[in-house]
Structures are given as C-alpha cells and as structure tokens.
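Please read the structure below before turning to the comments.
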There are 2 protein chains.
Amino acid sequence: MARTQGSHSDITGPRIRTTALSLFAQHGFAAVSMRQIAGEVGVQAGALYNYIPDKQTLLFSLMEEHLRELLQTRATREKPADTLDRLEDFVRFHIRFHLARPEAVFIAYMELRNLTEENFAAIEDLRRTYEMELEAVLRTGVEEGIFSIPDTKIATRAVIAMLNGINTWYRDSGRLSLEEVETIYWNMVRQAMGHA
Amino acid sequence: MARTQGSHSDITGPRIRTTALSLFAQHGFAAVSMRQIAGEVGVQAGALYNYIPDKQTLLFSLMEEHLRELLQTRATREKPADTLDRLEDFVRFHIRFHLARPEAVFIAYMELRNLTEENFAAIEDLRRTYEMELEAVLRTGVEEGIFSIPDTKIATRAVIAMLNGINTWYRDSGRLSLEEVETIYWNMVRQAMGHA
DNA sequence: GTCTATACCCAGATAGAC
DNA sequence: GTCTATCTGGGTATAGAC
C-alpha cells in the first residue's frame with residue numbers, strides 16, 4: 001500500500017476517517033496505532049497530522065459525527081400524530097439506522113472511556129437528546145392511558161438497551177429479514193410498555 | 001505504594017487480580033500497562049510474572065472466573081417448578097448477580113475483542129451455556145401456551161440485552177431500590193414475552 | 001501534502017542478584 | 001518472591017526537505 005508521493009487532500013481526509021472507524025471498531029481505540037491507520041490509508045504516519053490534530057480528536061469527531069447524523073436524520077423525518085404509531089416509528093427507525101452503520105454504533109458505545117472529560121460530556125449530551133424523544137413518547141402514552149409503565153425513564157433505557165442488542169448478532173445473511181426483525185422487536189416493545 | 005522487599009504470595013496474587021479487574025474496567029485492557037497494575041499493587045512490574053504468564057492470560061482468566069462463578073451460582077440454586085416462576089427467578093437472579101459485580105460484567109462484555117481466538121471461543125461458550133437456560137424456559141412457556149413470542153432465540157437475546165443495560169445506569173444511591181428495579185424489569189420482561 | 005527522520009517515551013517480558 | 005536492570009519493539013507527535 002506504499003504511496004510514492006503526491007497530493008491527495010480530497011481523498012486522504014475521508015479515507016483516514018473511514019479507516020480509523022473500521023480499525024477502532026475491530027480492535028479498539030487504544031489498541032490501534034496511528035501507524036496502523038496510516039498504513040491502511042497508504043500514507044506515512046506523519047501525514048495524518050495534516051488532517052487531524054491528534055488521536056483523541058479523531059475519536060471524538062467520529063463519535064460526534066455519528067450522533068449528529070442520528071439527530072439530524074431523526075429531526076427531518078415526518079412523525080405520525082398517533083402516539084402508538086410514533087413509538088412504532090421510533091423503534092423501526094432506530095433498528096434500521098443502527099444496523100446500517102454498525103461500526104460507528106459500536107464505537108459510540110464502547111469507546112466512551114477513552115474520551116477526555118469534556119468530549120465525554122459533549123457526546124453524552126447528544127445521546128441524551130436522542131433518548132429524550134423516546135421518553136417523551138412514552139410519557140405521552142402513559143398520560144393517554146395506552147401504556148402502563150411505572151417509570152418512563154427506566155422504560156426508555158430498557159427499550160434502547162433491547163434495541164441496541166440487535167447489533168451484536170444481526171447479519172444481513174441471517175435467517176430473518178430486517179423487516180421481520182423490526183416487527184418482532186416492535187411487538188416486544190409494545191407489549192413491554194403494557195399496551196393492551 | 002512502594003514495597004521494600006519480601007515475600008507475600010498469599011496477598012499479592014489476589015491483589016493483582018482485583019487491581020487488574022478494576023483498572024481494565026476503568027480504562028480498558030489495552031490502555032492499562034503492566035507497570036500500572038504493579039504500581040497499584042505495590043510491587044515492581046517483573047514481580048507480576050510470578051503469578052501470571054502474560055497479560056492476555058490475565059484478561060482471559062478474569063473473564064473466565066466471572067462466567068464460571070455465574071454458571072456455578074446458577075447451577076446450585078433451587079429452581080421453581082412453574083414456568084412463569086422460573087422466568088421470574090431468572091430475571092431477578094440475573095439482575096442481582098450482575099449488579100453485584102459491575103466491573104467483571106463490564107470487562108466480560110467490552111473486552112471480547114482483546115481475546116485471542118481460542119480464548120474468545122471459550123468465553124463465548126460459557127456465555128452461551130448461561131443463555132441457553134433462559135431460552136429453554138421461554139421455549140417451555142411457548143409450548144405451554146403462556147408466552148407468545150415468534151422466536152425464542154431472539155427473545156432470549158432481547159431479554160438479556162435489556163437486563164444488561166441496567167448495569168450502565170444503576171447506582172446503589174439512586175432513587176430506586178434493587179427490589180423495585182427487579183420488579184419493574186420483571187414486569188416488562190413478562191409483558192414483552194406476551195404473557196397475559 | 002507527503003515524505004523521511006527522529007525526539008521522546010512507554011510497552012511487555014526476561015535475567016539474575018538478593 | 002521481589003528487586004533492579006535491561007532487551008526489544010512500538011507508541012504519538014513533530015521538523016524540515018521536497
């Protein structure tokens with residue numbers, strides 16, 4: 001993969017990010033070296049620093065980009081008016097979005113320990129924003145009497161944890177289609193929330 | 001914490017393990033050095049190798065010990081005859097056992113990437129054994145007609161993921177007691193499994 | 001923008017004195 | 001069983017030539 005020489009600013013920048021994402025997901029942030037990333041990209045380690053200030057910032061920006069895209073995509077989506085439909089929409093959206101980018105999801109959950117304090121706080125803030133939408137739906141449903149759960153905060157966490165678990169086992173080549181998985185989980189979530 | 005000199009085989013061995021467990025949970029396996037472990041224990045790095053062959057084996061043995069204790073504890077527990085009671089027993093046991101040793105749980109899930117192929121296979125085998133008990137209960141319940149789930153394998157994973165999520169937020173000092181958390185989750189699980 | 005070279009530091013693991 | 005000392009390799013990041 002050795003590069004002779006030359007200027008490739010449009011290509012190298014994005015390639016560093018996708019390569020780092022993939023390597024961090026496979027081996028973990030701390031276990032991946034800058035030399036390793038550079039090697040896969042096809043440049044020398046020093047060249048990476050034309051694009052990123054340091055390794056920590058690279059990790060943070062990958063996580064931040066992922067969460068911002070999540071919020072952005074969610075925000076521009078048309079939402080059903082009915083509360084039950086809204087929960088179904090959230091569940092199906094969550095599964096689809098997260099299964100489509102397993103590496104980013106994995107990093108965003110597993111590498112929180114490796115963020116500096118400030119960066120950690122920023123990422124947690126974005127995640128909280130996302131989860132608050134789900135909690136709002138659940139609270140509305142409780143007020144309307146269609147859900148029966150004693151604590152919407154806990155129910156929110158339970159739903160998110162259950163859905164995130166899919167990423168640990170789902171494979172495109174598996175025996176169930178994405179649509180089937182969505183439906184199975186949607187039913188479990190609906191029932192768990194005490195919907196009749 | 002410098003140790004002058006002398007022999008402490010009964011103390012040092014266990015201390016290495018508890019210290020490593022704690023440091024790995026906090027910073028991640030790859031980010032913790034042998035010198036760091038030795039420093040906290042109060043010995044020089046070289047002395048660690050009187051107790052462990054290498055860092056990889058240390059990680060593996062910590063995970064293995066955790067899972068063996070899980071299986072052991074579970075095996076020697078009296079099980080209710082009724083299927084619904086059995087599921088409730090599993091849920092409450094799982095929550096209690098895992099909340100009691102958050103560091104070991106965290107490592108056993110987060111550091112799988114850092115195991116060699118053989119060690120990974122051994123750990124996954126132990127985990128599968130544990131989860132198979134839950135799946136057996138669910139399958140029995142479906143046959144008896146008290147649960148209504150289309151796929152017991154997926155339901156098993158969903159329940160485990162939901163319960164494991166508790167470890168990411170539960171604190172002894174929080175607003176809910178362990179008993180309350182258990183009951184809330186037990187109800188969500190029961191309903192998710194389609195129990196009337 | 002990328003290269004080569006390097007500063008500086010720390011990693012895992014071992015050898016041999018005590 | 002622990003220490004000190006050390007081997008060997010690799011880490012992040014920077015400097016300066018092209």
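Chain identifiers are assigned alphabetically (A, B, ...) following the order of the sequence lines, protein sequences preceding nucleic acid strands; residue numbering begins at 1 within each chain.
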Candidate pair A:H94 and A:Y130, rule ring pair (Phe, Tyr, Trp, His ring centres under 6.0 Å), full reasoning: CA-CA 10 Å; A:H94 184 97; A:Y130 176 66; 5.7 Å; yes
Does A:R190 qualify as a cation-pi partner of A:Y185, given the criterion of NZ or CZ under 6.0 Å from the six-membered ring centre and within 45 degrees of its axis? no
Rounding to an integer number of Å, can you tell me how far B:R15 CZ sits from D:dG1 P? 17 Å
Quick one: is A:T12 getting a side-chain N or O under 4.0 Å of the C:dT2 phosphate, OP1 or OP2? yes
Grab the CD1-P distance between B:I52 and D:dG1 for me, whole Å please. 14 Å
In whole Å, I'd like the distance from the CG atom of B:L48 to the C1' atom of D:dT4. 15 Å
Quick one: list whatever passes side-chain hydrogen bond (donor to acceptor under 3.5 Å, both in side chains) with A:S177, sequence neighbours left out. A:E180
Would you tabulate the nitrogen or oxygen pairs shorter than 3.5 Å linking the protein to nucleotides 9-12 of chain D?
unit_1, atom_1, unit_2, atom_2, d
D:dG11, OP1, A:S33, OG, 3.0
D:dG11, OP2, A:R35, NE, 3.1
D:dG11, N7, A:R35, NH2, 2.5
D:dT12, OP1, A:M34, N, 3.2
D:dT12, OP1, A:K55, NZ, 3.2
D:dT12, OP2, A:M34, N, 2.6
D:dT12, O4, A:R35, NH2, 3.3

Check for a donor-acceptor pair, side chain of B:R74 on one end and backbone N or O of B:E69 on the other, with a separation under 3.5 Å. no
Would you please say whether a donor-acceptor pair under 3.5 Å links the side chains of B:T152 and B:E135? yes
CD of B:Q56 versus P of C:dG12: gap in Å, rounded? 13 Å
Provide, to the nearest angstrom, the distance between the CD1 atom belonging to B:I16 and the C1' atom belonging to D:dG1. 11 Å
Is the shortest side-chain N/O distance from A:Q44 to OP1 or OP2 of C:dT4 below 4.0 Å? yes
Is it true that atom CD of B:E143 has more than 12 heavy atoms of other residues, nucleotides or ligands lying nearer than 6.0 Å? yes
Would you kindly give the CD1-to-C1' distance between A:I37 and D:dA13, to the nearest whole Å? 13 Å
